[in-house]
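Letters A, B, ... are given to chains in the order of the sequence lines, protein chains preceding strands, and every chain is numbered from 1. Atom set for the values below is all heavy atoms of this structure, side chains included, hydrogens, waters and symmetry mates excluded. This structure is a prediction, so every number in the text was calculated from the model and none was measured.
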2 protein chains.
Amino acid sequence: MNIAGGKRGRITIHDVAAAAGVSISTTSKALNDTGRMSVETRARVKRIAGEVGFRPNALARGLLSKRSFTIGLLTNDTYGRFTLPLMAGVSEALVDHGVSVFLCAIEDDPALGQIHVEAMLEKQVDGIIASGKRVDGQLPVDLSKLPVPVVYAFTEGEPGSVTFRSDDAQGARLAVEWLVRIGRRRIVHITGPDDFFSVRERAGAYHAVIGGEGVVMYGRWAEAWGHEAVERIWSGEGEKPDAIFCGNDQIARGAVDTLRERGIRVPEDVSVVGFDNWEIVAGQTRPPLTSVDMELKELGRQAGLTVLALAEGRPVEPGVRTLPCRLVVRQSCGGKSPIE
Amino acid sequence: MNIAGGKRGRITIHDVAAAAGVSISTTSKALNDTGRMSVETRARVKRIAGEVGFRPNALARGLLSKRSFTIGLLTNDTYGRFTLPLMAGVSEALVDHGVSVFLCAIEDDPALGQIHVEAMLEKQVDGIIASGKRVDGQLPVDLSKLPVPVVYAFTEGEPGSVTFRSDDAQGARLAVEWLVRIGRRRIVHITGPDDFFSVRERAGAYHAVIGGEGVVMYGRWAEAWGHEAVERIWSGEGEKPDAIFCGNDQIARGAVDTLRERGIRVPEDVSVVGFDNWEIVAGQTRPPLTSVDMELKELGRQAGLTVLALAEGRPVEPGVRTLPCRLVVRQSCGGKSPIE
DNA sequence: TTTGCATGAGAAAACGTTTTCTCCGGGATT
DNA sequence: AATCCCGGAGAAAACGTTTTCTCATGCAAA
């Protein structure tokens with residue numbers, strides 16, 4: 001008897017059974033710690049399975065159990081700014097459960113989205129996580145009638161679904177309160193387009209913290225806008241701000257660079273806070289940016305566990321879940337610590 | 001007869017067969033355009049399959065055909081700098097063939113890598129693409145004894161395997177030749193650590209183009225290094241360069257920012273070329289960077305097609321394949337066009 | 001009429017598991 | 001001595017496809 005498996009190809013449970021001198025049923029039960037048998041038999045089968053390098057075929061298993069231990073992550077975020085940390089969280093949370101993740105980047109192409117969804121469904125994914133780059137926009141594909149659970153992250157979900165997003169208001173509060181606490185009084189807010197839900201949330205929190213009179217400048221999500229806004233402020237009349245709260249790190253970077261060029265010191269003269277904590281931007285700015293982190297990885301982790309729960313039929317409360325942000329302090333604000 | 005599928009759960013080929021009043025064999029043959037039957041029967045079965053929303057179970061299909069139409073992309077590139085474009089290419093090339101991609105980010109953790117590989121093999125992936133962030137380094141997991149084909153991209157492969165990487169020398173040549181063509185003569189090269197294969201390749205090409213006396217400054221892959229290097233050059237004695245070829249876009253950005261701060265105009269006084277064409281850096285620099293694009297997406301596409309070919313048993317020539325780079329002209333060099 | 005052959009369609013095996021059911025033997029209880 | 005039950009193990013069905021046979025029919029050729 002050939003221990004390397006009789007028939008050509010991968011080695012199956014039949015090979016293990018033959019090598020151990022038991023039936024495949026006993027082998028299966030031995031390996032899965034189910035059924036009844038002597039401890040010796042179980043141990044022997046397990047040992048032999050290890051020796052011959054048996055690897056159960058998930059296709060066969062899935063066919064029977066109707067669980068593929070596979071989920072799909074659908075995204076239209078081209079730069080991966082959101083997707084990558086999210087994906088890392090999802091994967092990290094699910095790998096322990098033996099679940100692998102299909103990543104499907106569908107630009108903004110409905111047809112491509114449809115194809116990917118179709119492919120995933122044929123492959124019997126246990127669930128799908130739909131992720132985008134803004135919370136007030138839908139993916140260009142209808143996920144409402146799918147035979148598998150769908151969880152939304154950073155994108156607008158169907159009514160009755162589970163949606164995850166960061167708590168923009170709380171994050172903005174964190175930033176502005178920090179500026180206030182280190183003694184800043186004239187804080188302006190340079191941010192993105194006001195048709196973004198997140199932008200309005202953050203601006204709202206900004207106003208709530210500083211009370212009444214604040215200045216919010218809406219623009220684009222680009223360094224150039226940070227640049228332009230600072231130029232506009234400092235070339236104008238009147239008292240200058242002593243702090244800037246920016247809608248994202250790119251704007252913040254543009255602002256910081258422009259201040260430096262104007263000879264205005266950051267953080268001595270002006271404190272700057274960013275949003276996103278995008279390492280590649282925040283960490284490379286001179287000085288490195290204090291920024292609000294949206295905890296995307298944690299968000300991914302929770303989205304992963306949620307879709308898994310749904311897949312297993314466990315009850316999950318529908319609705320929008322907002323996760324708290326965290327302030328990452330670097331050197332663009334000055335101030336030592338919240339307790340001075 | 002219930003047209004929505006008799007037994008509970010997803011609708012199977014049995015349901016289609018019943019609805020069409022034929023056997024499942026006939027149904028299968030009708031849908032796959034195999035076997036013999038009247039055109040009417042075939043058309044009717046197809047129509048009904050569409051009507052009831054039949055979706056073949058890829059698990060069952062894969063069990064039989066020993067093809068899962070699934071591949072794995074293994075990467076240790078945390079920032080996704082390389083992974084994302086690569087993934088986009090792989091996915092784009094394979095979606096047409098019905099293949100979906102598992103993305104597995106294994107930081108630099110051998111245990112995690114092992115777990116992911118194991119999970120993918122159980123799921124019967126048809127092949128694996130291993131990708132890294134430097135061509136002279138291996139992933140922290142042994143892929144040499146796998147029962148499925150492995151293709152390497154931007155990472156060191158086993159002898160006898162297929163490996164894809166960009167043509168660093170050609171890319172560097174493109175950059176330096178461009179600078180020469182627009183009239184620059186005193187070109188320095190500010191780049192990364194010289195223990196990177198790519199760094200040495202590019203420096204070699206730089207020397208080859210400008211002939212003999214060139215200045216190469218090795219450092220870190222960071223903006224701060226670009227900054228520091230420019231400071232060092234311009235605060236020193238002697239004639240200043242009229243062009244800088246940088247090892248990546250971050251270094252280039254640091255250099256451009258520092259030049260601007262020193263009142264040196266880019267591109268009028270000094271031309272700067274980057275490497276990577278990382279949109280988020282190159283596009284946001286003032287002025288936007290001319291940069292060498294490594295065509296990662298195309299590289300991903302070819303890697304995907306290659307692993308597919310191997311999975312299907314088609315012959316593939318082993319060895320290292322280098323893909324040409326492309327120069328993306330923005331505004332950091334001046335000069336109108338190659339033909340002046 | 002018999003033979004041959006093309007056409008249309010179904011039965012059944014196979015893929016690699018898991019799970020339910022059945023069987024057998026032996027020690028403990030009546 | 002008859003009964004019960006339990007521990008140990010295997011047989012077989014099931015999951016949803018694809019594919020290889022086999023079969024029945026009808027028509028043309030001998």
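Taking atom CG of B:Leu63 as the reference point, atom P of C:dC15 lies 9 Å away to the nearest angstrom. Rounding to whole angstrom units, CD of residue B:Gln124 and C1' of C:dT17 are separated by 11 Å. Spacing between atom NE2 of A:His14 and atom P of D:dG10 amounts to 13 Å, rounded to whole angstrom units. Rounded to whole Å, atom P of D:dC15 lies 15 Å from atom CD1 of B:Ile11. For B:Asn57 and C:dC15, the CG to P distance is 18 Å, given to the nearest whole Å. At whole-Å resolution of the value, CZ in B:Arg55 and P in D:dG16 are 15 Å apart. Per the geometry, NZ belonging to A:Lys123 stands 15 Å off P belonging to D:dT17, to the nearest Å. Residue B:Arg67 contributes atom CZ, which lies 19 Å from atom C1' of D:dG16 at whole-angstrom precision.
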What's touching nucleotides 5-8 of chain D from the protein side, N or O pairs under 3.5 Å?
from, atom 1, to, atom 2, distance (Å)
D:dG7, N7, A:Arg36, NH2, 3.2
D:dG8, N7, A:Arg36, NE, 3.3
D:dG8, N7, A:Arg36, NH2, 3.0
D:dG8, O6, A:Arg36, NH2, 2.7

Quick test: give all pairs of protein nitrogen or oxygen and nucleotides 26-28 of chain D nitrogen or oxygen below 3.5 Å, distance rounded to 0.1 Å.
none

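A rotation axis mapping the C1' atoms of four pairs onto the next four is fitted at both ends of the helix from C:dT1-D:dA30 to C:dT30-D:dA1 over five pairs, and the angle between these axes is 70° to 10 degrees.
Note that the CG atom of B:Leu73 and the OG atom of B:Ser131 stand 5.0 Å from one another [nearest 0.5 Å]. Atom OG1 of residue B:Thr155 and atom CG of residue B:Asp136 lie 9.0 Å apart, to the nearest 0.5 angstrom.
Listed by first and then second residue, the salt bridge (charged side-chain N to carboxylate O under 4.0 Å, His left out) pairs that reach into residues 81-94 of chain B are B:Arg81-B:Asp276, B:Glu92-B:Lys297, B:Glu92-B:Arg301, sequence neighbours excluded. The side chain to side chain donor-acceptor pair (under 3.5 Å) pairs that include a residue from residues 54-64 of chain A are A:Arg55-B:Glu118, where partners are two or more places apart or lie in different chains.
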| request: Go through the steps to decide whether B:Lys29 and B:Val45 satisfy the test side-chain contact (heavy atoms from CB on, under 4.5 Å), and finish with yes or no. | output: CA-CA 10 Å; B:Lys29 285 180 286 197; B:Val45 172; over 6 Å; no
Pair up each side-chain donor or acceptor in residues 313-322 of chain A with any protein partner under 3.5 Å, not counting sequence neighbours, and list the distances.
from, atom 1, to, atom 2, distance (Å)
A:Arg314, NE, A:Glu312, OE1, 3.2
A:Arg314, NH2, A:Glu312, OE1, 2.5
A:Arg321, NH2, A:Glu317, O, 2.9

Kindly list each side-chain donor-acceptor pair under 3.5 angstrom involving residues 101-116 of chain A, sequence neighbours excluded, with atom names and distances?
from, atom 1, to, atom 2, distance (Å)
A:Asp108, OD1, A:Asn76, ND2, 3.1
A:Asp109, OD1, A:Ala111, N, 2.9
A:Asp109, OD1, A:Leu112, N, 3.2

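Shown here are the ring pair (Phe, Tyr, Trp, His ring centres under 6.0 Å) partners of A:Tyr152, two or more places apart in sequence or in another chain: there are none. With sequence neighbours left out, B:Phe54 forms a ring pair (Phe, Tyr, Trp, His ring centres under 6.0 Å) with no residue at all. For A:Asp142, the salt bridge (charged side-chain N to carboxylate O under 4.0 Å, His left out) test picks out no residue, with sequence neighbours left out. Annotation: ring pair (Phe, Tyr, Trp, His ring centres under 6.0 Å) contacts of A:Phe164 (sequence neighbours excluded): none.
OP1 or OP2 of D:dG16 sits under 4.0 Å from a side-chain N or O of A:Lys66.
Side-chain proximity of B:Ile13 to C:dC15, D:dT17, C:dT17: nearest is D:dT17.
Ion pairing of A:Lys46 with A:Asp33 is present here, as a side-chain N (NZ or NE/NH1/NH2) and a carboxylate O approach within less than 4.0 Å.
Using a 4.5 Å heavy-atom threshold, the side chains of A:Ser161 and A:Val150 count as separate. Counting heavy atoms from C-beta on, the side chains of B:Lys123 and B:Thr70 never come closer than 4.5 Å.
The stretch residues 20-33 of chain B touches DNA chain D through B:Ile24, B:Ser25, B:Ser28, B:Lys29, B:Asn32, each having a heavy atom under 4.0 angstrom from the strand.
If you check every strand for non-hydrogen atoms under 4.0 Å, B:Arg42 touches nothing.
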